[in-house]
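Remarks on the structure that follows.
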2 protein chains.
Amino acid sequence: MPSKRRIEPRRRPLQARSQATVEAVLQATAYILVRDGYARLTTNRIAERAGVNIASLYQFFPNKEAIVVELERRHGERTDAAMMAALARPRGPDLESTLRALVGAYMAAQTIDPALQRVFAEEVPRLRGRRSASAGERCAVEVTAFLAASGVTSPRLELAGWMLATVCRSVVYHGVLERSTDACSGALVDEMVAMLSRWLRAAPSASAA
Amino acid sequence: MPSKRRIEPRRRPLQARSQATVEAVLQATAYILVRDGYARLTTNRIAERAGVNIASLYQFFPNKEAIVVELERRHGERTDAAMMAALARPRGPDLESTLRALVGAYMAAQTIDPALQRVFAEEVPRLRGRRSASAGERCAVEVTAFLAASGVTSPRLELAGWMLATVCRSVVYHGVLERSTDACSGALVDEMVAMLSRWLRAAPSASAA
DNA sequence: TGACGATGCAAGTGTTTGCTTATATTTTTA
DNA sequence: TAAAAATATAAGCAAACACTTGCATCGTCA
């Protein structure tokens with residue numbers, strides 16, 4: 001039963017020919033995932049769409065799962081880079097500027113390929129256990145540290161940090177897919193920053209009432 | 001190819017015997033979904049786990065999809081009822097009480113069967129197009145109306161309403177699964193209410209800066 | 001009680017799918 | 001340039017899968 005063990009390629013593409021094959025396979029996989037969903041993704045269809053023979057595909061990927069894992073890895077690389085770039089831009093030292101940079105970073109990452117992102121988030125079963133900590137989670141930790149350093153203290157600071165990351169990720173994710181107008185116009189980011197800064201301005205956890 | 005068309009049972013369970021069969025099938029489906037995930041859900045395994053013959057299963061469900069749809073329908077009924085009950089409890093007329101009731105309603109719904117809820121949200125492919133509008137979305141609309149009636153006005157009121165619903169759903173959903181301690185202690189609800197009420201207290205959309 | 005519809009079941013069927021084998025062709029290397 | 005390594009491909013295998021057939025048994029009601 002445990003036939004799906006390895007993820008490493010059984011052969012590394014050395015020549016340009018085989019590199020083109022690998023690229024074609026990954027591109028075809030993304031195409032089918034976005035258009036038809038994970039349930040309709042088969043290795044035979046991938047090979048057909050990519051214009052390569054099914055056996056060639058299995059020269060470079062040990063099994064179907066490995067193809068999706070590699071595609072997800074590359075997608076993660078791109079979104080991480082987008083987040084880092086957005087966070088690296090110069091900005092003011094105040095809370096609101098920091099929050100705007102944070103939300104903007106999530107937005108930049110989410111805007112790269114929303115359709116593919118949606119497939120990974122909603123359809124593709126969890127592969128290889130949980131996914132590695134993404135840039136989003138890492139920078140939420142950073143922002144929590146920033147909050148603490150800003151004099152914002154609370155017994156629930158850690159919970160507030162988790163909520164901050166969750167709200168950013170969820171709202172931006174759904175916003176790009178369901179409220180594209182607001183996402184493009186900047187209204188979504190503005191409203192997010194307004195909400196988060198009002199929440200965190202005083203202290204993140206004076207609690208209710 | 002379009003073999004998966006009907007959802008209605010091909011025969012209605014009339015005797016107690018067959019009703020027990022249907023219940024066993026649904027219960028087994030939930031069990032397998034939670035334990036092994038949608039990818040490992042097969043009709044043969046359902047029948048085996050339910051202790052009924054595979055042909056008996058197909059007497060009352062036209063196909064595999066119909067079983068999952070029915071299970072999801074029942075789960076939706078339960079969560080909707082939990083939300084409605086939570087919202088029907090008497091409460092103060094102010095914004096914070098309203099928000100607390102709203103967040104509490106999402107929490108009540110999410111607490112019913114978080115594991116099954118997670119499977120439906122993350123693993124089960126979208127069945128029969130989009131899901132019917134849940135109680136969550138309906139009551140977010142209500143709350144938006146409440147905001148408007150409370151004198152809170154904004155050109156972005158509709159966006160704020162969408163954000164309100166999205167934040168509630170996402171944070172409660174992930175919170176129950178990943179922060180069960182905070183969810184049980186009430187800290188999660190408190191922090192949510194603090195965030196939302198500070199955001200909405202003045203006006204939902206003075207925007208940032 | 002007996003006839004008939006409702007239900008249960010053993011044993012399949014045809015198809016899809018992930019993946020392999022055996023062989024041919026191209027590119028690199030010595 | 002010839003051997004060796006890398007890459008491509010046609011054809012197909014075994015397993016898993018959703019679903020069916022044909023018949024036996026049970027429950028109900030005349």
Side-chain angles (χ1 to χ4, degrees), chain A residues 1-26 28-29 32-33 36-71 123-125 127, chain B residues 1-26 28-29 32-33 36-71 123-125 127:
Chain A
M1 182 181 297
S3 70
K4 305 197 172 188
R5 260 203 299 251
R6 41 187 176 163
I7 283 207
E8 321 84 49
R10 54 185 56 176
R11 163 173 277 174
R12 297 222 173 134
L14 302 177
Q15 308 176 0
R17 220 171 15 145
S18 53
Q19 280 162 17
T21 296
V22 167
E23 296 307 312
V25 164
L26 290 172
T29 303
I32 295 171
L33 277 179
D36 302 329
Y38 184 81
R40 289 197 157 77
L41 183 79
T42 75
T43 50
N44 288 301
R45 293 187 66 193
I46 292 173
E48 184 189 17
R49 168 81 200 173
V52 309
N53 190 279
I54 176 70
S56 293
L57 182 156
Y58 277 101
Q59 290 264 334
F60 304 102
F61 295 97
N63 51 53
K64 179 173 117 170
E65 183 182 353
I67 305 173
V68 180
V69 166
E70 171 63 11
L71 187 65
E123 291 194 38
V124 175
L127 305 169
Chain B
M1 183 181 290
S3 70
K4 304 197 171 186
R5 261 204 300 250
R6 40 186 178 167
I7 284 208
E8 320 84 50
R10 54 184 56 177
R11 165 172 275 173
R12 297 223 173 132
L14 302 177
Q15 307 177 0
R17 225 180 359 154
S18 52
Q19 280 161 17
T21 297
V22 167
E23 297 307 313
V25 165
L26 290 173
T29 303
I32 296 171
L33 278 180
D36 301 329
Y38 185 81
R40 290 198 157 77
L41 183 79
T42 75
T43 52
N44 288 301
R45 293 186 66 192
I46 294 173
E48 183 189 18
R49 168 80 200 176
V52 310
N53 189 277
I54 176 70
S56 295
L57 181 155
Y58 277 101
Q59 290 267 334
F60 304 102
F61 297 96
N63 50 52
K64 180 172 118 171
E65 183 182 353
I67 305 173
V68 180
V69 166
E70 171 65 12
L71 187 65
E123 290 193 41
V124 175
L127 306 169

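In what follows, chains carry the letters A, B, and so on, assigned in the order in which the sequence lines appear, proteins first and then strands, with residues in each chain numbered from 1.
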Within this structure, what is the [atom1]-to-[atom2] distance between [X] and [N], rounded to whole angstrom?
| X | N | atom1 | atom2 | answer |
| --- | --- | --- | --- | --- |
| A/Leu57 | C/dT20 | CG | P | 11 Å |
| A/Asn44 | D/dA11 | CG | P | 15 Å |
| B/Gln19 | D/dC26 | CD | P | 20 Å |
| A/Tyr58 | C/dA22 | OH | C1' | 18 Å |
| A/Gln59 | C/dT21 | CD | P | 12 Å |
| B/Ile54 | D/dC23 | CD1 | C1' | 18 Å |
| A/Phe61 | C/dT20 | CZ | C1' | 18 Å |

Given [options], identify the nucleotide with an atom nearest to the side chain of [X].
| X | options | result |
| --- | --- | --- |
| A/Asn63 | C/dT7, D/dT20, C/dC19 | C/dC19 |
| B/Phe60 | D/dT9, D/dA11, C/dT7 | C/dT7 |
| B/Lys64 | C/dG8, D/dT20, D/dC19 | D/dC19 |
| A/Thr21 | D/dA18, C/dG8, D/dA8 | D/dA8 |
| B/Thr42 | C/dG8, C/dC19, D/dC17 | D/dC17 |
| B/Ala55 | D/dA11, D/dC19, C/dC9 | C/dC9 |
| B/Asn53 | C/dA10, C/dT21, D/dC19 | C/dA10 |
| B/Gln15 | D/dG27, D/dA8, D/dT20 | D/dG27 |

Identify whether any heavy atom of [X] sits under 4.0 Å from a base atom; if not, whether one sits that close to sugar-phosphate; answer base, sugar-phosphate or nothing.
| X | value |
| --- | --- |
| A/Ser18 | sugar-phosphate |
| B/Ile46 | nothing |
| B/Leu41 | sugar-phosphate |

Quick check on C/dT7: is either OP1 or OP2 less than 4.0 Å from any side-chain nitrogen or oxygen of B/Ser56? no
Q: Look up atom CD1 in A/Ile46 and atom CG in A/Leu41, then write down how far apart they are to the nearest 0.5 Å.
A: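 CG of A/Leu41 is found 4.0 Å from CD1 of A/Ile46.
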If you count heavy atoms of other groups shown closer than 6.0 angstrom to CD of A/Glu23, is the number above 12? yes
What verdict does the side-chain contact (heavy atoms from CB on, under 4.5 Å) test give for A/Leu57 and A/Asn53, after you've listed the backbone C-alpha separation in whole Å, the side-chain angles of each residue and the deciding distance to 0.1 Å? CA-CA 7 Å; A/Leu57 182 156; A/Asn53 190 279; over 6 Å; no
Any side-chain heavy-atom pair of B/Leu71 and B/Leu33 under 4.5 Å:
yes
By nearest-heavy-atom nucleotide on DNA chain D, the more 5' of B/Arg17 and B/Arg45 is B/Arg45
- [ ] Could you tell me whether a side-chain N or O of A/Ser18 sits under 3.5 Å from a main-chain N or O of A/Thr21, the two making a donor and an acceptor?
- [x] no
